[in-house]
Amino acid sequence: MPKKVKVSDLVREFHLEIICGEEGLKRPIVTADLYRPGLEMAGYYEFHPTDRVQILGKTELTFFDGLSSEERMDRMHRLCSPEETPCIIISRGLDAPIELLAAANEHQITVVRTAMATTILASRVTNFLENRLAPTTTIHGVLVDVYGIGMLISGSSGIGKSETALELVKRGHRLIADDAVEIRQTADHQLIGNAPELIRHLLEIRGIGIINVMTLFGAGAVRTEKKISVVVKLETWQQDKQYDRLGLDEETTQIIDTNIPLVTVPVRPGRNLAVIIEVAAMNFRLKRMGYNAALQFTNKLTESLAEDMDDL
């Protein structure tokens, strides 16, 4: 379920000036969408989205100044009365109307102010809320950046995920998270992975213990977060299981509400997993560019068989 952000979190993040209504600082913000109540200033409240943060800019307040005193009081009371409205933000450092302050105090809704321009404020607040309200989950695995591709290595405990990540780091790639990967889903269904603060830049190698990758290999060997593009599942080799040898079977796995490609790699002595993951990353990049080696091989094979049949 999406998380909740309080108005106080927004005030703290953007250093907003509290004008009135401190009682409303604990109100929850449940959506990243913002709203500029321009039509509401004109008296149209039929489809007013009351659960959004309301932003009053120069356009809204200039129009508001031209209303009669009765209309001004009515508009602000109707704007402040819904209990689900988180707060009202005034941009550009403009003065808050007296009618707004009176209505906000009556309905205990927080009114804050910032010197930022309205469009800049809306963009920054939306990005902040989307990150904080995004659905999240934690997955056991290792997240590495291989040739710019976020590879989530999963598999049972002790199969060699951390050792593979260490080899990849030695080969010049970057570690994002080991053991526990925190994943959030953005509004456009991208999966962003990062490490919990407690284990950031740390890697556990059985027989050696916990090592700090940034201390050993430098700042270029780590990064804080990365978009997850491919899941590589390591599993013990099974003799009776049929593995994909051509690459035509494109499997996917679901994380939160997003399906992403899945590559299953059987593990047995003698296989260089780091090299296989590097090749999987390069092959994924080629597929995104429109080149599919397995498909080209199949097409050539079909053409060759068709020519042989014609000769016969």
Side-chain angles (χ1 to χ4, degrees), residues 135-147 149-171 173-185 190-214 216-217 221-284:
T136 60
T137 187
T138 301
I139 290 181
H140 174 66
V142 179
L143 181 58
V144 287
D145 179 356
V146 182
Y147 297 126
I149 305 297
M151 311 286 286
L152 177 61
I153 306 173
S154 66
S156 59
S157 181
I159 200 166
K161 300 185 295 296
S162 297
E163 290 79 1
T164 303
L166 178 61
E167 178 63 24
L168 288 169
V169 169
K170 286 185 62 180
R171 299 172 71 93
H173 307 293
R174 292 185 285 183
L175 172 74
I176 293 92
D178 176 49
D179 193 49
V181 183
E182 293 181 343
I183 302 174
R184 72 176 186 274
Q185 179 180 270
Q190 291 187 351
L191 299 174
I192 309 298
N194 64 274
E197 181 67 31
L198 183 63
I199 60 173
R200 186 166 296 169
H201 306 154
L202 300 181
L203 195 61
E204 179 196 357
I205 305 298
R206 284 175 172 79
I208 295 178
I210 296 176
I211 63 173
N212 190 310
V213 173
M214 187 173 71
L216 286 177
F217 299 96
V222 296
R223 62 179 302 167
T224 55
E225 64 179 27
K226 179 65 181 177
K227 173 189 170 184
I228 301 174
S229 299
V230 183
V231 174
V232 178
K233 181 182 178 182
L234 304 182
E235 66 174 34
T236 305
W237 188 292
Q238 302 176 35
Q239 292 289 347
D240 56 346
K241 183 175 180 179
Q242 294 293 326
Y243 294 102
D244 184 18
R245 302 184 63 177
L246 294 179
L248 293 174
D249 299 334
E250 296 186 354
E251 295 181 273
T252 61
T253 185
Q254 185 176 25
I255 300 178
I256 307 179
D257 295 324
T258 303
N259 291 320
I260 61 174
L262 171 67
V263 177
T264 301
V265 177
V267 177
R268 69 175 181 180
R271 301 201 84 194
N272 192 327
L273 298 179
V275 173
I276 293 174
I277 291 177
E278 282 184 332
V279 172
M282 291 186 287
N283 192 48
F284 176 79

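Numbering of residues begins at 1 and proceeds along the displayed sequence. All values below come from the heavy atoms of this structure, side chains included, with hydrogens, waters and symmetry mates left out. This is a predicted model, so every value here is computed, not measured.
Every residue two or more places apart in sequence or in another chain that forms a side-chain contact (heavy atoms from CB on, under 4.5 Å) with I149 is listed here: M151, S229, V230, A281, F284, R285, R288. Listed by chain and residue number, H201, L202, M214, T215 satisfy the side-chain contact (heavy atoms from CB on, under 4.5 Å) test with N212 (two or more places apart in sequence, or in another chain). Residues meeting the side-chain contact (heavy atoms from CB on, under 4.5 Å) test with L216, sequence neighbours left out: I211.
For the atom pair OH of Y147 and CG of L168, the computed distance is 9.0 Å after rounding to the nearest 0.5 Å.
E163 is not listed as a side-chain neighbour of L273, based on a closest heavy-atom distance of 4.5 Å or more.
With I159 as the partner, the side-chain contact (heavy atoms from CB on, under 4.5 Å) test is satisfied by one option alone out of V267, I153, T164: V267. When each of V231, D257, I228, T137 is paired with L191, the side-chain contact (heavy atoms from CB on, under 4.5 Å) condition holds for I228 and for no other.
Judged by distance alone, the side chain of D178 and the main-chain N or O of S162 form no donor-acceptor pair under 3.5 Å. The backbone N or O of D179 sits less than 3.5 Å from a side-chain atom of H140, completing a donor-acceptor pair. Side-chain atoms of R184 never come within 3.5 Å of backbone atoms of I192 as a donor-acceptor pair (strictly under, hydrogens ignored). A donor-acceptor contact shorter than 3.5 Å links the side chain of K161 to the backbone of S156.
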Set out, in order, the CA-CA distance, both residues' side-chain angles and the distance that settles side-chain contact (heavy atoms from CB on, under 4.5 Å) for V142 and L175, then state yes or no.
CA-CA 8 Å; V142 179; L175 172 74; 4.0 Å; yes
For the pair N259 and Q254, evaluate side-chain contact (heavy atoms from CB on, under 4.5 Å) and give the outcome as yes or no after the intermediate values.
CA-CA 4 Å; N259 291 320; Q254 185 176 25; 3.3 Å; yes
Could you go through V263 and N283, starting from their C-alpha distance and side-chain angles, then the distance that decides it, and tell me whether this counts as side-chain contact (heavy atoms from CB on, under 4.5 Å)?
CA-CA 11 Å; V263 177; N283 192 48; over 6 Å; no
